[in-house]
Colleague: 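Take this structure, written in structure tokens, and hold onto it; I'll ask about it next.
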Amino acid sequence: MNQNKSVKIRFKGFTETWEQRKLEELTSIFDGTHQTPQYTKEGVMFLSVENISTLLSQKFISKEDFNRNFPVKPAFGDVLMTRIGDVGTANMVRSDRDLAFYVSLALLKPKNVNSLFLTSAIASPFVQKEIWKRTLQVAFPKKINKNEIGKVQIYCPETKEEQLKIGQLFEAIEKVITLHQRKLNRFQKIRTTFLQKMFPKNGETKPAIRLTGFNADWEQEKLQNFAVRITRKNIKKQNNRPLTISAQHGLVDQTVYFNNRVAAQDVSNYYLIKKGEFAYNRSTSKDAPVGAVRRLVDYEEGVLSTLYLVFSITDPQHVDPNYLSYFFETTGWHSWILERAAEGARNHGLLNVSSQDFLSLPVMLSSSLEEQQKIGEFFQKIDDCIILLERQADLLKQIKSSLLLSMFPPSNAE
């Protein structure tokens, strides 16, 4: 039995040696059903890989099938771990209700190890490396066989008390992360709802939700009446930051977003876009079915492929740029674009919308610049809250990762 003492961070009062054990020594390991189940409207909840984070599902099997196919049943304190596809994610069962599970999950019944500690240990870099070594990389999807799970090495403190404290710490961190994620999800749903209701629907002249003090009808105006196309080239090579449009993050640095430079080394023939100007990416995606329009806000300048359509507002006293950027996050302009693009075939997901057609796009505008500005400010405050919550969630995840690295022995332990 190998032993290890090189844990960087420990709870005060614990100095005992950690022991290296195999999972098959610490747990009994069982497969889920290999058969595609006959689903029912109610009965015993049926879990698969996609349910590992919550251990909740909308799929059920009958009690009869459960009793017939699951001689060994999950119980409170057991650990389920993904073994096909997303390999090596674990969660502890915290319910006494019956649970059925597919072969993509493995059931680990602890024998002489704390369940919370086991769940945290599986997430540690050393155990993840062990799991990865035993995963069939050539299989699609990737998988780890049940007998290989048992051979995975795991380090354990000798005392159950230290195991419990470590498990409780990571459980508390995970709860805080979950709470932040739920709050973030709520804000994102609120944002989506207001984008739907604070701009008029097609054929209507007033939004469903209106800011106090504004009652006048909105008007439809062509984009070309207050915007002009920009075809400025980067001839003098004054900028070498290639940008790309992310439907969720806006105009971003291509090398940061992709962790790679997709653009050509010579970008002298690219469009030079300046802060405050807009760009339309005609490429379609799940998040942007008619392409995406985003405004440059994070950099003073950048360069874009000529496949993009770049434009700027010519009369900011008539149309608020911030308002317009949020208008393009609604679906109110989608049907108009699709009607123009329907005549020609898409070229690898690129809509055949000409610059002339795009600039004749009708935009719904409040006649009051103040209302436009207040709408833009309203959504900017929501976005600021979302950014703050994202940063907090990322920080908590970084803290968890750092503790997993420091509170469990390193992979080169001897």
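Computation of the quantities below employed the complete heavy-atom set of this structure, encompassing side-chain atoms and omitting hydrogens, waters and symmetry-equivalent molecules.
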Colleague: Tell me, yes or no, whether the heavy-atom count around Arg391 atom CZ, taken from other residues, nucleotides or ligands under 6.0 Å, exceeds 12.
Modeller: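 It does not: Arg391 CZ has 12 such atoms or fewer within range.
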Colleague: Nearest 0.5 angstrom please: Glu219 CD to Leu365 CG, how far?
Modeller: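 Output value for this atom pair is 8.0 Å.
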Colleague: Step through the shown structure and confirm whether more than 12 heavy atoms of other residues, nucleotides or ligands are within 6.0 Å of NZ on Lys109.
Modeller: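 Buried by this count: over 12 neighbours within 6.0 Å.
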Colleague: Tell me whether the centres of the aromatic rings in Tyr326 and Phe379 are closer together than 6.0 Å.
Modeller: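 Yes, ring centres under 6.0 Å apart.
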Colleague: Count the heavy atoms of every other residue, nucleotide or ligand shown that sit under 6.0 Å from CD of Gln38, and state whether that count exceeds 12.
Modeller: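 No, not enclosed.
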Colleague: Other residues, nucleotides and ligands only: do more than 12 of their heavy atoms fall within 6.0 Å of CZ on Arg182?
Modeller: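 Not more than 12 within 6.0 Å, no.
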Colleague: Is any side-chain heavy atom of Lys111 less than 4.5 Å from a side-chain heavy atom of Thr27?
Modeller: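 Counting from C-beta outward, Lys111 and Thr27 never come under 4.5 Å.
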Colleague: Kindly determine whether Tyr270 and Ser305 satisfy side-chain contact (heavy atoms from CB on, under 4.5 Å), including the steps that lead there.
Modeller: CA-CA 5 Å; Tyr270 278 44; Ser305 162; 4.3 Å; yes
Colleague: Where the side chain of Asn91 meets the backbone of Ser53, is there a donor-acceptor pair that is under 3.5 Å apart?
Modeller: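 Confirmed, Asn91 side chain pairs with Ser53 backbone.
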Colleague: Is a side-chain N or O of Gln137 found less than 3.5 angstrom from the main chain of Trp132, in a donor-acceptor match?
Modeller: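 Checking the backbone N and O of Trp132 against the side chain of Gln137, a donor-acceptor pair under 3.5 Å is found.
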Colleague: Can you tell me how far apart CG (Leu404) and CD1 (Ile399) are? Round to the nearest 0.5 Å.
Modeller: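 Here the rounded value is 12.0 Å.
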Colleague: To the closest 0.5 Å, what do you measure between CG (Leu116) and CD (Glu171)?
Modeller: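 Here the interatomic distance stands at 4.5 Å.
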Colleague: Taking Glu148 as the fixed residue, which of Lys143, Lys133, Arg134 is the one that meets the side chain to side chain donor-acceptor pair (under 3.5 Å) rule?
Modeller: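 Testing each of Lys143, Lys133, Arg134 against Glu148, the sole residue satisfying side chain to side chain donor-acceptor pair (under 3.5 Å) is Arg134.
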Colleague: Sort out for me which residue in Lys374, Gln372, Glu371 forms a side chain to side chain donor-acceptor pair (under 3.5 Å) with Ser366.
Modeller: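 Testing Ser366 for a side chain to side chain donor-acceptor pair (under 3.5 Å) against Lys374, Gln372, Glu371 leaves exactly one candidate, Glu371.
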Colleague: How long is the straight-line distance from CD of Gln163 back to CG of Asn112, given to the nearest 0.5 Å?
Modeller: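 The distance works out to 8.0 Å.
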Colleague: Could you check whether Lys73 makes a cation-pi contact with Phe66, meaning its NZ or CZ is under 6.0 Å from the centre of the six-membered ring and within 45° of the ring axis?
Modeller: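 The answer is yes, since Lys73 meets both limits relative to Phe66.
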Colleague: I want to know whether Tyr323 and Phe199 have ring centres closer than 6.0 Å.
Modeller: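 Ring-ring flag for Tyr323/Phe199: true, centres closer than 6.0 Å.
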Colleague: With a 6.0 Å cut-off on the ring centroids, do Phe60 and Tyr39 count as close?
Modeller: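 Centroid distance Phe60-Tyr39: not below 6.0 Å, so no.
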Colleague: Among Val87, Ile29, Thr135, find the residue that satisfies the side-chain contact (heavy atoms from CB on, under 4.5 Å) test when tested with Ile149.
Modeller: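 That would be Ile29; it is the only one of Val87, Ile29, Thr135 passing the side-chain contact (heavy atoms from CB on, under 4.5 Å) with Ile149.
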Colleague: Phe311 and ring-ring contact (aromatic ring centres under 6.0 Å, His included): which partner among Tyr271, Tyr280, Phe278, Phe226?
Modeller: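 The passing option is Phe278.
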Colleague: Main chain of Asp78, side chain of Ser115: is a donor-acceptor contact present, judged purely on distance under 3.5 Å?
Modeller: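 No, the answer is negative, given that no donor and acceptor are paired below the 3.5 Å cut-off.
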Colleague: Has Tyr299 got more than 12 heavy atoms of other residues, nucleotides or ligands less than 6.0 Å from its OH?
Modeller: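 Enclosed.
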Colleague: State, with a plain yes or no, whether a side-chain heavy atom of Glu221 is found less than 4.5 Å away from one of Val363.
Modeller: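 Result no, sub-4.5 Å side-chain heavy-atom pair not found.
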Colleague: Is the side chain of Arg94 donor-acceptor paired with the backbone N or O of Met92 at a distance under 3.5 Å, no angle test?
Modeller: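 Checking the backbone N and O of Met92 against the side chain of Arg94, a donor-acceptor pair under 3.5 Å is found.
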Colleague: Can you tell me if Asp394 and Gln398 form a side-chain donor-acceptor pair at under 3.5 Å?
Modeller: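 Looking only at side-chain atoms, Gln398 and Asp394 do not form any donor-acceptor pair under 3.5 Å.
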Colleague: So how far is it from Leu164 CG to Glu162 CD, rounded to the nearest 0.5 Å?
Modeller: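 Going from the CG atom of Leu164 to the CD atom of Glu162 covers 11.0 Å.
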Colleague: Is it true that the side chains of Asn281 and Ser283 contain a donor and an acceptor less than 3.5 Å apart?
Modeller: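 The answer is yes; a qualifying pair exists.
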Colleague: Pairing donors with acceptors under 3.5 angstrom, does anything connect the side chains of Asn51 and Ser48?
Modeller: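 No, no side-chain donor-acceptor pair sits under 3.5 Å.
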Colleague: Cation-pi check, Arg282 to Tyr308: give yes when NZ or CZ is under 6.0 Å from the six-membered ring centre and within 45° of the ring axis, no otherwise.
Modeller: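 Not flagged: Arg282 not positioned over aromatic ring of Tyr308.
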Colleague: Can you tell me how far the CD1 atom of Ile154 sits from the CD1 atom of Ile122, to the nearest 0.5 Å?
Modeller: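 Reported value, rounded in 0.5 Å steps: 6.0 Å.
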Colleague: Given 3.5 Å as the limit, does a donor-acceptor pair link the side chain of Asn234 with the main chain of Val267, or not?
Modeller: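 Side chain of Asn234 to backbone of Val267: a pair is present.
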Colleague: Is the distance from the ring center of Phe101 to that of Phe70 below 6.0 Å?
Modeller: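 Close enough - the centres of the two rings lie under 6.0 Å apart.
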Colleague: Evaluate the criterion side-chain contact (heavy atoms from CB on, under 4.5 Å) for residue pair Val152 and Lys22; output intermediate values, then yes/no.
Modeller: CA-CA 5 Å; Val152 169; Lys22 293 181 180 180; over 6 Å; no
Colleague: Under a 4.0 Å N-O cut-off, is there an ion pair linking Lys151 with Glu130?
Modeller: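 Looking at Lys151 and Glu130, the cut-off is not met.
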Colleague: Give me the one residue out of Phe408, Phe126, Phe117 that meets ring-ring contact (aromatic ring centres under 6.0 Å, His included) with Tyr155.
Modeller: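 Of the listed residues Phe408, Phe126, Phe117, the ring-ring contact (aromatic ring centres under 6.0 Å, His included) partner of Tyr155 is Phe126.
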Colleague: Are more than 12 heavy atoms, taken from residues, nucleotides or ligands other than Lys222, located less than 6.0 Å from that residue's NZ atom?
Modeller: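 Counting neighbours around NZ of Lys222, 12 or fewer heavy atoms of other residues, nucleotides or ligands fall under 6.0 Å, so no.
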